[in-house]
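All ligand and atom numbering here is 1-based and tracks the order in the structure.
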Amino acid sequence: MQPLNCETCGRGVLVEKFSAAHTSIQWTSDASECPMIRDAVQSVGDHRRGCSALRRSIDRAVERHELSESRIDLPTGPDLPRLH
Ligand SMILES: [Zn+2]
């Protein structure tokens, strides 16, 4: 996991990027302290929306290659055990 700060609210998170579509975020502070998330919870009652500014921060960090995608090594080739 790599540390990243939301460029809008400055909250710190740890980010693990598995692929373009799969990002795991772990808050190092209380997620409800993020003003974007607090607004979402208050207006729609949904805290899973997350912080769109944070998501933008992550995308930008990936573009700048500050955040690298972690690769999950899957066994390939002749070493792959056969199940029969
Ligand atoms: Zn935020």
**Report entry** Thr23 and Glu16, any side-chain heavy atoms less than 4.5 Å apart
**Finding:** no
Report summary line: So the salt bridge (Lys or Arg N to Asp or Glu O under 4.0 Å) pairs with at least one residue in residues 6-15 (sequence neighbours excluded) are Glu7-Arg60, Arg11-Glu33
**Report entry** Passing option when Val13 is tested against Ile58, Leu54, Thr28 for side-chain contact (heavy atoms from CB on, under 4.5 Å)
**Finding:** Leu54
**Report entry** Counterpart residues, ring pair (Phe, Tyr, Trp, His ring centres under 6.0 Å), relative to His65 (two or more places apart)
**Finding:** none
Query raised in the report: Should side-chain heavy atoms under 4.5 Å link Ile, Leu, Val, Met, Phe, Trp and Tyr, which residues sit in the same cluster as Met1?
Result: Leu14
Requested in this report: Taking 2.8 Å as the upper limit, name the protein N, O or S atoms near the Zn ion (ligand 1).
Outcome: Cys6 SG, Cys9 SG, Cys34 SG, Cys51 SG
Query raised in the report: Can you name the nearest heavy-atom pair linking Ser52 to Met36, along with the distance?
Result: OG-CE, 3.1 Å
